[in-house]
Amino acid sequence: MTARPSLCRNALDSLNDHVLAPGWRDPGIGIVHLGIGNFHRAHEAVYTEEAMLAAGGDWGICGVTLQGDVSKRDALMAQDCLYSVVERGPDGVRVTVIRALKEVLAMPHDRVRLFELLADQNVRIVSLTVTEKGYCRDTRTGDVDLSHEGIAHDLAHPDTPTTVPGILTDALRQRRDAGTPPFTVLSCDNLSNNGAALKQAVVSFARVLDEELADWIASHVAFPSTMVDRIVPSTTDAEREAAQRALNFHDAVPVPCEPFRQWVIEDRFPAGRPAWERVGAQLVDDVMPFELAKLRMLNGTHSTLAYLSMLAGFSTIDEAIAHPPLRALIHAMMTDEIAPTLDVPPSFDVLAYRDALLERYANTALKHRTAQIAMDGSQKIPPRLLATIGARLSAGQSIERLTLAVAAWLVFLRGHADDGTRYDISDPMAARLTAHVPDAPEQLVGTMLSVEEVFPSALSNHEVFRQQLVEAVRLIQHGALQAIGIARG
Ligand code: CS2
């Protein structure tokens with residue numbers, strides 16, 4: 001494709017058909033977002049722009065990358081922080097340029113500017129999508145993991161923090177010392193009870209440094225929980241081409257996503273918030289039922305599809321769900337094993353939710369790679385699958401398909417598909433998990449169940465679970481496709 005000029009604010013006048021609404025008033029920064037990946041740009045940023053269009057407010061966003069990724073910052077800053085959301089649905093492609101992002105910073109390079117913003121009382125929300133591992137938690141206790149390298153660094157150098165608990169603690173300390181009201185901390189990651197989980201990580205970090213500060217954070221800072229949902233794959237050249245075709249401008253960093261989106265937010269924002277409720281977000285008192293439904297139904301089956309697919313050779317979710325036995329397995333898993341564990345309000349139709357998920361997975365335009373979902377299994381398996389297994393075991397119920405999913409992860413750790421194709425294992429615990437992956441099912445299960453960060457003792461000591469896991473591993477080792485055929489029920 002011939003190169004076109006890059007997207008920039010001056011171009012907006014010619015893009016009226018590709019913005020949410022013309023007539024944009026440039027807002028001041030009211031939100032600092034840690035973890036400026038694709039998900040945030042297709043989710044909170046879109047809701048926030050719509051909320052500002054509906055009700056005004058200075059809720060412009062400063063996005064921060066925590067991994068020193070200056071290329072992301074530079075690409076966005078070179079486009080005046082504009083980017084396109086490329087929505088891919090059954091009815092075609094829609095390209096929308098989002099304007100809510102105002103500035104992008106890369107830690108640790110932009111530390112001074114980041115802390116200047118975090119101290120600014122106009123910044124009333126600090127939101128996060130840093131993935132499960134960004135919380136640096138010891139999953140056994142929920143407290144911050146003191147053996148984490150980044151945490152050890154931040155405790156030794158609290159003025160130059162690098163981790164989420166370290167950055168939030170230092171910024172909140174500065175607010176307390178200056179008498180500035182604290183910002184609200186809004187977790188948007190797929191963790192169960194994410195607000196409370198983040199609060200515990202931050203407060204336990206602060207407690208090591210300063211008891212009083214920890215107590216102040218615990219009693220003065222709001223950490224509402226949220227359930228976020230939109231399927232947002234990583235960017236490929238196909239999105240760059242789609243954006244350029246639609247806009248006639250070059251966008252180096254567009255974001256693909258599905259048309260569906262959902263956001264359920266615990267309504268606890270003492271310093272104020274955008275009018276998200278005006279644009280489809282649900283503001284509720286208790287997010288938990290929604291969060292569990294999403295984590296167990298969507299993310300749980302996503303991970304199941306990912307590990308079975310990595311072994312069987314399906315590279316995208318739509319390809320996987322088009323395989324009838326695998327679709328039947330996922331359908332049965334949601335209907336018989338996951339849905340009964342959920343305690344949702346009467347207005348929430350779990351079976352309709354299941355059907356909508358299957359339809360979303362079948363979106364052939366999205367190309368959501370199973371390898372992307374397979375990343376970070378050690379962080380994802382506990383809330384997505386093990387919590388459901390625990391709930392069913394304590395009620396004396398069957399766990400056959402859920403166990404197959406966990407077994408698929410264990411076999412996945414050997415590092416190659418059934419046809420011998422090798423793949424990388426991207427996981428913060430990869431070195432430990434792949435150091436010794438025995439072939440014999442009993443030994444593989446024994447080795448992995450001893451990883452306490454992943455398997456709570458109630459599960460690793462559970463005989464029924466252990467035996468079923470051994471059987472499921474044996475089945476999968478004979479071939480994932482065959483195992484899917486047998487377990488579909
Ligand atoms: C996925 C999620 O990558 C993954 O692990 O399960 O990112 C999923 O697409 C989102 O949670 C959907 O809202």
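Ligands are counted one by one from 1 in listed order, and the atoms in each one are counted from 1 as well. The shown structure was predicted, so the numbers you read here are calculated from the model rather than taken from an experiment.
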Quick one: list whatever passes ring pair (Phe, Tyr, Trp, His ring centres under 6.0 Å) with [X], sequence neighbours left out.
{"X": "Y47", "answer": "H43, W263"}
{"X": "F260", "answer": "none"}
{"X": "Y361", "answer": "H302"}

Margin query: Is it true that T341 and R296 share a donor-acceptor pair across their side chains at a distance under 3.5 Å?
Written below: yes

Item checked: Sole residue of R432, Q379, R137 in side-chain hydrogen bond (donor to acceptor under 3.5 Å, both in side chains) with E453 -> R432

Next item on the list: May I ask you to say whether E50 pairs ionically with R261, meaning some side-chain N is under 4.0 Å from a carboxylate O?
Entry: yes

Which pairs of N or O atoms, one from ligand 1 and one from the protein, are separated by less than 3.5 Å, and what is the distance for each pair?
| residue | atom | partner | partner atom | Å |
| --- | --- | --- | --- | --- |
| ligand 1 | 5 (O) | K380 | NZ | 2.8 |
| ligand 1 | 5 (O) | R384 | NH1 | 3.0 |
| ligand 1 | 5 (O) | R384 | NH2 | 2.9 |
| ligand 1 | 6 (O) | N299 | ND2 | 3.1 |
| ligand 1 | 6 (O) | H302 | ND1 | 2.8 |
| ligand 1 | 6 (O) | R384 | NH1 | 3.2 |
| ligand 1 | 11 (O) | N190 | ND2 | 3.0 |
| ligand 1 | 11 (O) | K294 | NZ | 2.6 |
| ligand 1 | 11 (O) | N299 | ND2 | 3.0 |
| ligand 1 | 13 (O) | D229 | OD1 | 2.6 |
| ligand 1 | 13 (O) | R230 | N | 3.0 |
| ligand 1 | 13 (O) | R230 | O | 3.3 |
| ligand 1 | 13 (O) | K294 | NZ | 3.1 |

